[in-house]
Protein chains: 2
Amino acid sequence: MAQAASPPPAVRNPLGQSRYGGIASALRERILSGEWAPGSAIPAESALAQSYGVALGTVRQAIALLVEDGLLERQQGKGTFVSAGLAGASMLRFFRFRSREAGAEAPASRIVARRARPAEPVERAVFGLAPGAQVIQLERVRSFGTEPCLVETVVLPLPLFGALVDSDPDDWGDLLYPLYQQRCGVLIHQAEDIVSFAQLGAMQARRLRLEAGHPCAVVRRRAFDRSGRCVELRTTRGDAFAFEYTAHVR
Amino acid sequence: MAQAASPPPAVRNPLGQSRYGGIASALRERILSGEWAPGSAIPAESALAQSYGVALGTVRQAIALLVEDGLLERQQGKGTFVSAGLAGASMLRFFRFRSREAGAEAPASRIVARRARPAEPVERAVFGLAPGAQVIQLERVRSFGTEPCLVETVVLPLPLFGALVDSDPDDWGDLLYPLYQQRCGVLIHQAEDIVSFAQLGAMQARRLRLEAGHPCAVVRRRAFDRSGRCVELRTTRGDAFAFEYTAHVR
DNA sequence: CAGTGGTCTAGACCACCGC
DNA sequence: CGGTGGTCTAGACCACTGG
């Protein structure tokens, strides 16, 4: 019995879904809607249990689902917090450059090109864009000190990232993901990388101060926001001999 | 039932560990000891709860831990089963060769060398071997049809894999992990891969029908059994330009 | 200290499976 | 149908965090 008073806030559960599943969905929507900012705490389990009219354990199962999704994080004795998303320089995990000693790890970033253009069919598909929609394409060089180490091509769907068109890239800082969040309200939540090897083209080689045809590691990334939409396509290239990637299998 | 009365079977919990943690450890030991064969069912949750003298929910939490570890698998309405370990061509789940479309089939395997030798210091360390202990080293070529695509060097601690010394490699089949399990009772449970880039040596190049110095992708794998011991070191090399590796980021 | 999440209990009923 | 895991309840106490 018990759904308590009468209408618990928008949880229609017995539709093929468990009650905690319904509560998880409801919480997910409230998180994505921005009701609780990333990094802030959601109400206590006991409060949620009461407001949804369920037992504590049920709300705990709902939260467990969202924790597994990476949307929430628990902290014993403190509370349950909205995840702050993928932080900084995750791309550098893949590359080991000798400039590893110094404390300041993130290499500097320089935008060398930016333009808007019509989305290609593949891009329309992954971004879910209508025919005729546009994308922003960025070319970017990352360097340790005076030494360039990575070149990147970044493609973003225009409707979402329009704020980037009008601002000065020199003000963007070294990391894109925090920029996405602050300027465009887009929080990168997870990504899929495909690693392969190729040879540098003339332009890329010049930017990296290597010869054309030099072996390079290529990381093609699709990045997703918290709702699972793909919101960024990125291709990163760097010296193959400086590349190393660690993965855990099951 | 039985053990109920007073002393639950060997669960010393209030020592920094939760009760379900203690039960999980106890179950882990019983699984690793072979009390229940891989693929078979463990006792029902209710039976375990009774025999350990705890509530159902507690045993469920213990089982959840082992499921997360990959040691157990639940099946609704049927039971909880001991995991059968990393199945067949797990190596190829994560990297593949573009020359092959749709081909989910494992490439054929040919052992081209096998010898026992003293373990090097690094190997003694990762395998936990005593000074003077030996290892088996295998050289292996994997091919699609008549076309070789991968060369592998596999190093195994001898005490565990002695059964492989006396048998004929032609009888081994294309996959090593099932062989380990059937001949040596070793079940590979998880692994760590390190991907990097190098150039082929003369011998490797000849086996792959490429020129020496040709760019190659290198995957160094450490594989672990269910108790977390490292039981295999493997280095796989193949044409860098046919290589592709997929990884999920958080 | 009060508030949070973490652990645990002893029940109940449901959904699924195989016979 | 009986047995399994899956969901849910309404309590209780513990361990950690912060003021």
Side-chain angles (χ1 to χ4, degrees), chain A residues 1-5 8-9 11-27 31 36 39-83, chain B residues 1 4 6 8-9 11-27 31 36 39-83:
Chain A
M1 57 121 127
Q3 308 238 0
V11 177
R12 72 283 181 242
N13 38 304
L15 299 172
Q17 203 175 196
S18 57
R19 200 172 305 189
Y20 74 79
I23 292 176
S25 301
L27 289 177
I31 293 168
W36 305 297
S40 67
I42 69 172
E45 296 175 344
S46 55
L48 289 172
Q50 198 167 32
S51 77
Y52 282 107
V54 299
L56 227 177
T58 305
V59 123
R60 284 183 62 76
Q61 286 184 82
I63 291 177
L65 280 187
L66 300 178
V67 167
E68 206 170 358
D69 277 5
L71 227 64
L72 291 177
E73 294 169 10
R74 292 182 194 270
Q75 280 180 255
Q76 155 84 264
K78 296 178 69 178
T80 303
F81 298 80
V82 178
S83 168
Chain B
M1 65 123 149
S6 31
V11 178
R12 72 283 181 244
N13 37 304
L15 299 172
Q17 202 175 197
S18 57
R19 200 174 306 188
Y20 73 78
I23 292 175
S25 300
L27 289 177
I31 293 169
W36 304 296
S40 67
I42 69 173
E45 295 175 343
S46 55
L48 289 172
Q50 198 166 34
S51 76
Y52 282 108
V54 299
L56 226 177
T58 305
V59 123
R60 282 185 64 77
Q61 285 184 85
I63 290 177
L65 279 187
L66 300 178
V67 167
E68 204 170 0
D69 277 6
L71 225 64
L72 290 178
E73 294 169 12
R74 292 182 194 271
Q75 279 180 254
Q76 154 83 263
K78 296 177 67 177
T80 303
F81 298 80
V82 177
S83 167

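Bear in mind the structure is a predicted one, so any value in this text is a computation, not a measurement. In what follows, chains are A, B, ... by sequence order, proteins preceding strands, each numbered from 1.
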Interatomic distance where [atom1] belongs to [X] and [atom2] belongs to [N] [whole Å]:
X        : N       : atom1 : atom2 : result
Ile63(A) : dT4(C)  : CD1   : C1'   : 11 Å
Arg19(B) : dA12(D) : CZ    : P     : 18 Å
Gln61(B) : dG5(C)  : CD    : P     : 16 Å
Leu56(A) : dG3(C)  : CG    : P     : 15 Å
Arg60(A) : dG5(C)  : CZ    : C1'   : 6 Å
Gln50(B) : dA10(C) : CD    : C1'   : 13 Å
Leu65(A) : dG6(D)  : CG    : C1'   : 13 Å
Glu45(A) : dT7(C)  : CD    : P     : 11 Å

What distance do [X] atom [atom1] and [Y] atom [atom2] have between them, rounded to the nearest 0.5 Å?
X        : Y        : atom1 : atom2 : value
Leu72(A) : Ile42(A) : CG    : CD1   : 5.0 Å
Phe81(B) : Leu71(B) : CZ    : CG    : 15.0 Å
Leu66(A) : Ile23(A) : CG    : CD1   : 10.5 Å

Within residues 72-82 of chain A: residues closer than 4.0 Å to DNA chain C (heavy atoms) = Arg74(A), Gln75(A), Gln76(A), Gly77(A), Lys78(A), Gly79(A), Thr80(A)
If only side-chain N and O atoms of Ser18(A) are considered, is one of them under 4.0 Å from the OP1 or OP2 phosphate oxygen of dG6(D)?
->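 Checking Ser18(A) against dG6(D): no side-chain N or O falls below 4.0 Å of OP1 or OP2.
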Would you please confirm or rule out a distance under 4.0 Å between OP1 or OP2 of dT9(D) and any side-chain N or O of Thr58(A)?
-> yes
Options dC8(D), dT9(D), dT4(D), nucleotide nearest the side-chain atoms of Tyr20(A) =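 Closest of the options to the side chain of Tyr20(A): dC8(D).
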Near Glu68(B) CD, under 6.0 Å, is it more than 12 heavy atoms from other residues, nucleotides or ligands?
->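 At most 12 heavy atoms, drawn from other residues, nucleotides or ligands, come within 6.0 Å of this atom.
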Is the backbone of Arg74(B) close enough, under 3.5 Å, to the side chain of Thr80(B) for a donor and an acceptor to pair up by distance?
-> no
Please step through side-chain contact (heavy atoms from CB on, under 4.5 Å) for the pair Leu56(B) and Leu48(B), ending with a clear verdict.
-> CA-CA 8 Å; Leu56(B) 226 177; Leu48(B) 289 172; over 6 Å; no
Can you pull the salt bridge (charged side-chain N to carboxylate O under 4.0 Å, His left out) pairs that have at least one residue in residues 46-62 of chain A, sequence neighbours excluded?
-> Glu45(A)-Arg60(A)
